[in-house]
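Please read the structure below before turning to the comments.
Convention: sequence-line order gives letters A, B, ...; per-chain numbering from 1. None of these values were measured; they are calculated from a predicted model.
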Amino acid sequence: MPNSKKFFNDLSSIVDETLDGLARASNGKLRLLDSHRAVIVSAMPDHKVGLLIGGGSGHEPLFAGYVGKNLADAAVAGNIFAAPTPDIIVEATQAIDKGAGVLYLYGNYAGDNMNFDIAAEMASEMNILIKTVRIWDDVASAALDHITDRRGIAGDLFVVKVAGGAAALLGSLDEVYRVASKARDNTRSIGVAAAAGTFPETGKPTFELPDDEMEIGMGLHGEPGVSRSKMMTADAVANDMVSRILSDLPFQAGDEVCVLVNDLGSTSSAELLIIYRRVDQILHQRGLKIHDTLIGSYCTSQEMAGFSISLLKLDDELRKYYDLPVDSLALVKG
Amino acid sequence: MPNSKKFFNDLSSIVDETLDGLARASNGKLRLLDSHRAVIVSAMPDHKVGLLIGGGSGHEPLFAGYVGKNLADAAVAGNIFAAPTPDIIVEATQAIDKGAGVLYLYGNYAGDNMNFDIAAEMASEMNILIKTVRIWDDVASAALDHITDRRGIAGDLFVVKVAGGAAALLGSLDEVYRVASKARDNTRSIGVAAAAGTFPETGKPTFELPDDEMEIGMGLHGEPGVSRSKMMTADAVANDMVSRILSDLPFQAGDEVCVLVNDLGSTSSAELLIIYRRVDQILHQRGLKIHDTLIGSYCTSQEMAGFSISLLKLDDELRKYYDLPVDSLALVKG
Amino acid sequence: MGQVSLTIRQTRDALLVVAAGMIASEGILSEADRAIGDGDHGVGMARGFTAVEKKLAENEFSSLSELFITVGTALMMSIGGASGAIFGTLFREGARNLPANEFTSTALSIFLNDGLIAVQKRGKANPGDKTMLDALFPAAKSAAALIEYPLDVGLPQVVAAAEVGMEATKNMVASMGRAKTLGERSLGYPDPGAISMLLILRFLNEAAQAK
Amino acid sequence: MGQVSLTIRQTRDALLVVAAGMIASEGILSEADRAIGDGDHGVGMARGFTAVEKKLAENEFSSLSELFITVGTALMMSIGGASGAIFGTLFREGARNLPANEFTSTALSIFLNDGLIAVQKRGKANPGDKTMLDALFPAAKSAAALIEYPLDVGLPQVVAAAEVGMEATKNMVASMGRAKTLGERSLGYPDPGAISMLLILRFLNEAAQAK
Ligand SMILES: Nc1ncnc2c1ncn2[C@@H]1O[C@H](COP(=O)(O)OP(=O)(O)O)[C@@H](O)[C@H]1O
Ligand SMILES: Nc1ncnc2c1ncn2[C@@H]1O[C@H](COP(=O)(O)OP(=O)(O)O)[C@@H](O)[C@H]1O
Ligand SMILES: [Mg+2]
Ligand SMILES: [Mg+2]
Ligand SMILES: [Mg+2]
Ligand SMILES: [Mg+2]
């Protein structure tokens, strides 16, 4: 689909207008900061640990769609596929620091790491306590013994949900850091792409893939995956992807998990449900217990055709924070 | 995107597997009937008026995604873009009839009308009380003085939400019918398409549109719209669409409304938010009060690029039913 | 050499020929629906007549009425959409007053006429609205005028009448079904359901002539 | 005829030439990033150097250090992504020990060397990892060896060293940044950041020679 088939105004104002729309849709619950690149909750209690998420834009509703009750307190947005700049991160950090410090939670990419680190140094000079948890849930992006080289993809959502709950209930940054790290360590994901999205500013597809092929492990920006093949049936793709996830943590009989089947852009709800059907069959065969299931567009790459599967393994502590009701643009749980 | 880029198993089992996946994802809250073409709530109170929704498949998460607490009690699914057959409708009707009768609520298409009517006649022969509300929210599909010729599109969601609340709280089929009809009468929508989705069984796009054109008023199955033009900016499209909606009811200063900006398949969350931004600006300029905003993939047409805008005008009675908490696959409100 | 009339078994075999023909026509019917509808008409008819094949293979029939109701019910409960209701109704309601054993020109006329009335009642359309009625209506009129002739003589003329009717839909603006919002843009394209109505009669005739 | 050294104002003008050149290179840089990254490098650099142009036009500078910090801060606060942090750090940290007024071969060497150290500290990459360091590292080494020469004599050789380094990235397997998961598939393509590093030096040289 050519770039011209997207509904935008000025290409250079995509991110600002997206966040403006989001703040308006919140009916007063969220507000924009001066840079127009950060969204924060309108009312934040004193002494609460701040939870700041963010990254490059282009993956909507990630990240700003997860700012809200018992979720993140703020999200910062870079340009499309580019990590946010340090000034914006600092602006949001100051806005949500209530004296208890701020946890930075984001996907593990070179650009994000460096920009958030620069911001953390700047915030420290302002005497704001900062801790950082980088999310590296994509099992396709590096071997397990190089886990800190892995990319962060849709599993971000699980970590944000647990960390949001922890930040709401726990008073100390160290404790929130500990729980968020545990949620990160218990999360695994993998994606598959069948067709590229287009990068709006250039109108070019983010990768090339022959008409009858797909690629398992493809990243959110078109980063290469682990296995390119002819298109497979829904069940066969799910089998392959789930087995890569299960063996990685590893997940075992008796484990209790949350499952996310996430559309990367233009994969239909029907396809996601058909994929979920097979995931559910496999997990039950393996003796896992499914605590919660999310199916939909949570973390995208423009109109990429494809999806990702994420699993979060719960323990009593994680379940407690996961189960808190949440309310944001893209995630509501009663 | 060629058909082969979709994740399916057998093409003839798409609908069955989709509903199976949905029932599995519900964690026991929903179950499939024997035909595998109907999903119903697992626990339905005695004497409750049943709310049955449905239509052709291919618009997921509509309809089955709206079966759940304070929403519909059952959804029936036809083949892709084909109204469900009478036997399935009757099967679901029997399953949710608790003596108080069943309201049929669906989009106004020749096929749906005839099949639901045949089913209603069969159900009546079984002494089940049936009432029918057809949804005709698409202002582009016929003139106001031929409103009963209009198609039902994403505004279905608003009518289902209000009717679901009414069916949960009101004891009589006639009363539920009255409230659902009022919600229908107060709902207006319009869509725009920039690129077609593909019909899975044939692999063909549902319509043809030049590379730089869009069509306002396009229907959910590629039915023609009212205005084909070069691609316009997000703001210009929103201006055009909102003005067609506002003048139709008409909506007036002081009116309280709910707004839905709905992705038709592959339009990104960022685009929807940029569109919503403009809708919000216009409605505020016109003195309307926005009670609630929904933005996302609620009613699709495969991977069609485009979106629709729907408005529901509230009064005290409608607001009461609209505001009930709901819990289903595709709509959760706390 | 064709047939003056068909027995129940011969009628069943003829309907199997119709079913096979309709299944084989999936492509052209979907293509016609893609021009002015949603592109699924062929898929639906193929699904419906596959269900018909199954039911005809599974059952023995003691009357023409039972046979036609079985066909109609199979169509109605498998196609869905407008055409499931319409063609299901045609066969189910067209079956009610058929003679028990012999499918003659008179039986054909009863079938088409009763079916026509029921389809109009169900769908509220009239000839000229660019639907299958535009093939069914002239076919029914033609059949009524030909009840004195042997089936193999009358049937080709009924097919010819349906064909003229189908052709005429190209010059009509749709006012029912999915095509109705096309308005003027539906001009030039035939109605897919009218093509189906013609094909059903044409395959029936081919089967009757081949006996 | 080129220049032995540049004044603050001349350096500012030279950096405006660099900015214009980088903005004009948007297409080739994005294309290079599309091959092994996410395709946004040119868009980012163009955004960054547009911000630089604005800052250089708006402000007067009383020292080279202030000038380079302004450039680095403009890049860092506008590009985002890996290259915003990296090229921002290069200019901001490369600025710390510059002489106040005269941009000489010695100043160039200090800029590249201090920048190199800071970029390595920030990004934890090493030469050979297929990053902009593979152009920056040989350029810094070359500049250190040429501090005795006039700027217009040394700078072309520094550019040549960067070019050799950039070319060498084609034979490297990426192990940092977005390209790292490409592994062997990154072979044959140059690193986009290394191209940018080369171009910055090349445009700077063109400006110096033109004085
Ligand atoms: N009210 C009606 N009366 C008679 N025939 C109708 C009516 N509505 C639609 N049809 C027929 O149905 C055909 C379309 O069938 P099909 O494509 O299978 O269903 P759908 O419109 O639900 O996709 C039309 O070409 C027309 O002949
Ligand atoms: N750790 C690092 N150290 C030095 N340079 C790096 C590092 N990571 C990435 N780069 C440089 O950044 C370039 C990519 O920049 P760009 O495409 O703008 O950012 P992003 O990778 O965030 O999309 C790479 O070509 C490489 O030269
Ligand atoms: Mg990038
Ligand atoms: Mg249809
Ligand atoms: Mg059709
Ligand atoms: Mg890049």
Could you check which of B:Val226, B:Asp87, B:Asp117 has the highest count of heavy-atom pairs closer than 4.5 Å to chain C?
B:Asp87
Hey, do the aromatic rings of C:Phe49 and C:Phe87 have their centres closer than 6.0 Å?
no
Tell me, yes or no, whether the heavy-atom count around C:Glu60 atom CD, taken from other residues, nucleotides or ligands under 6.0 Å, exceeds 12.
no
Under 4.5 Å to a heavy atom of chain C? For B:Leu220 that would be neither
Between B:Phe81 and B:His59, does the ring centre distance come in under 6.0 Å?
yes
Side chain, backbone, both or neither: which part of C:Glu31 has a heavy atom under 4.5 Å from chain B?
side chain
Side chain / backbone / both / neither for C:Ser83 at chain B, heavy atoms under 4.5 Å
neither
Once the angle between the rings of B:Tyr106 and B:Phe116 is folded into 0 to 90°, is it parallel (under 30°), tilted (30 to 60°) or perpendicular (over 60°)?
parallel
